[in-house]
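Order of the sequence lines sets the chain letters (A, B, ...), proteins ahead of strands, with each chain counted from 1. Being a predicted model, the structure only gives us computed values, none of them experimental.
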Amino acid sequence: MSSSQRITEYERKRLENIKRNDELLASLKIKSKLADLSSSAKRHRAETKSYKLSPEKKARSETPIVIRRSLRTQGKAPDLSGLKDDFSEPTKKSTTLKSQVSPNQSPKKLEPISMRDANTCSESDELLVNKILSVCKGSGLDGDGDGDGERKCRVRVSVDLESMELAPENVARVVPNRILSVKFFPSAGLRMVVVGNKFGNLGFWNVDLDNEDGDGDGIYLYQPHPSPVSAILIHPFSLNKIITSCYGGLVRSLDVEKETFGLVYSTEHAIFSMAQQPDDANNLYLGEGHGVVNIWDERSARSSFSWELHDSRINTIDFNPENTNMMATSSSDGTACIWDLRKIGKSKPKSLKVITRERAVHSAYFSPSGDRLATTSLDDKIGVLGGANYEDEFMLYHYNQTGRWLSSFKGVWGWDDSYIFIGNMKRGVDVISTLQQRLVTTLESPHMTAIPCRFDPHPFYPGMLAGATSGGQVYIWT
DNA sequence: TGAGGATTTAGGATG
DNA sequence: CATCCTCCAATCCTCA
């Protein structure tokens, strides 16, 4: 008994060491790259091992793992030169460590990072940059900015579930490890997904490039963040800006033209969620720390509002597409709330509606029409609100215990109000019909070799659904 | 009442 | 194929 306890405590300390080293490596990526070069034998082994994915993708996506491990697995001590004593006392308790680290974080993280410096796949990303820029220009960013604007955000149609399938070429390992966020580029001219993982990596996968005659596989990997990427935003009105947030409290904005991950915002609190109103690309709604929603005006670079809306972390923030003053939040305090931004009040926030569940609520999303709200909770229920004032609700049992290693399930809407898509623990995608109020089908495929946890429907390609796993894979159903 | 331990869990790496 | 390693979730539990 006592010996096992001692072991676990030793383990904890060791893990703290490893974690620190990882952060260190992240901030000293160039050095670890050099170290990687000197360990070609290791790299060779990593590249030749096999699992069921297309070989080119595998080799590329493997690289960052090797990079991250190289120092450690070589048995070398991490290079501490140039660092403050923050990291020099490995057995320090985590509490004291936190108080040391958080006030003055590594200054490197607070500056803009060029795409080149953040690139961890050591592959030219010219194609990626050009592709995005061509779409930005092509889709009339400078031209017709008015009337059609709203319609351009997404298409709203019903899809035939039977026709949805997963082609083997639409499977790729885009990043190492667990994916927390996945987002399609909201443009009709592009089929590209962006995913963020636990290490702070951002992976791009241009599916079209993949299908064309082999100039690379269309996968690009960066590390703009030191910690898990909690949200990715690409506003359809400013396509050349990709905004990402992380648990470490940073918000970065990738300016594709400047090829720089700029720093938009930083806080000592974790950022668990982030959203924008569909009609406003300037204000960021940040779910911070223990239940605060902070509105950050990107243009003036200051906070315009900050409310304490929940008692625990806010897992999602979402807006009603038809009434963008209506905001829904879901929280680990066991509630989901609907707020009217015009009536929220300054000091004492008052919600339009509170949904109380038995466990943490992991998502609350408005349907494409805005008439319904779908919530997913750890109490193993999916709830769908409807009615003029969201007074009707039906609940459906859905097993949501993803455990420790998987990202939590979040039911997302498809291309109209009829279906909700959510992963299940048997490597399938459950589809729930709001009309029939039941599970109508499950998308399954032998190519789906891991559990899809996070989803995003392509706003302009009905039936195109990206699913992301805790192993870094992305599946694109079409 | 809060801090901190124990426990659960899937996927990839390793041998 | 079996075993080890992951180790910023969430919950229940115990102990100060």
Hey, could you give me each pair passing salt bridge (charged side-chain N to carboxylate O under 4.0 Å, His left out) that has a residue in residues 282-298 of chain A? Not counting sequence neighbours.
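The answer is A/Lys241-A/Glu298.
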Duplex segments of DNA chain C, taken as runs of at least three Watson-Crick or G-U pairs that stay under 3.5 Å
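The stems are B:1-8 with C:9-16, B:10-15 with C:1-6.
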Length of the line joining [X]:[atom1] and [N]:[atom2], which is rounded to integer Å:
{"X": "A/Leu406", "N": "C/dA9", "atom1": "CG", "atom2": "P", "result": "13 Å"}
{"X": "A/Met448", "N": "B/dA10", "atom1": "CE", "atom2": "C1'", "result": "15 Å"}
{"X": "A/Asn197", "N": "C/dC7", "atom1": "CG", "atom2": "C1'", "result": "15 Å"}
{"X": "A/Phe409", "N": "B/dA10", "atom1": "CZ", "atom2": "P", "result": "10 Å"}
{"X": "A/Arg359", "N": "B/dT8", "atom1": "CZ", "atom2": "P", "result": "15 Å"}
{"X": "A/Asn400", "N": "C/dA9", "atom1": "CG", "atom2": "P", "result": "17 Å"}
{"X": "A/Arg404", "N": "C/dC8", "atom1": "CZ", "atom2": "P", "result": "5 Å"}
{"X": "A/Asn177", "N": "C/dT6", "atom1": "CG", "atom2": "P", "result": "11 Å"}

DNA chain C: 5'-proximal contact among A/Glu358 and A/Ser227 (nearest heavy atom)
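Its nearest nucleotide lies further toward 5', so the answer is A/Ser227.
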Quick one: on DNA chain C, does A/Arg313 or A/Trp405 contact a more 5' nucleotide (nearest heavy atom)?
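That would be A/Trp405.
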Just to confirm, is there a sub-4.0 Å distance from OP1 or OP2 of [N] to any side-chain nitrogen or oxygen of [X]?
{"X": "A/Gln401", "N": "C/dT11", "result": "no"}
{"X": "A/His362", "N": "C/dA10", "result": "yes"}
{"X": "A/Lys198", "N": "C/dT6", "result": "no"}

Atom P, compared across C/dC12 and B/dT9: separation rounded to whole Å
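Each nucleotide's P atom is 15 Å from the other's.
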A/Arg173 side, atom CZ; A/Thr449 side, atom OG1 - distance, nearest 0.5 Å
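These two atoms lie 10.0 Å from each other.
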A/Ser433: which residues meet the side chain to side chain contact (heavy atoms under 4.5 Å, CB included) condition with it, sequence neighbours left out?
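A/Ser433 satisfies side chain to side chain contact (heavy atoms under 4.5 Å, CB included) with A/Tyr419, A/Leu435, A/Gln436, A/Val440 only.
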Set of salt bridge (charged side-chain N to carboxylate O under 4.0 Å, His left out) partners for A/Asp379, sequence neighbours left out:
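Here the qualifying residues are A/Arg357.
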side-chain hydrogen bond (donor to acceptor under 3.5 Å, both in side chains) partners of A/Ser273, counting only residues at least two apart
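side-chain hydrogen bond (donor to acceptor under 3.5 Å, both in side chains) list for A/Ser273, sorted by chain: empty.
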All side-chain hydrogen bond (donor to acceptor under 3.5 Å, both in side chains) counterparts of A/Asn315, not counting sequence neighbours
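A/Asn315 satisfies side-chain hydrogen bond (donor to acceptor under 3.5 Å, both in side chains) with A/Arg313, A/Ser332 only.
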Hydrogens and angles aside, do A/Ser331 and A/Asp333 bring a side-chain donor and acceptor to less than 3.5 Å of each other?
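Their side chains do contain a donor-acceptor pair, which is all the 3.5 Å distance test asks for.
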The side chain of A/Ile451 lies closest to which of these nucleotides: C/dA10, B/dA10, B/dA13?
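The closest nucleotide is B/dA10.
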Under 5.5 Å between ring centres and under 30° between planes: does that hold for A/Tyr247 against the base of C/dC8?
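Here A/Tyr247 fails the 5.5 Å or the 30° condition.
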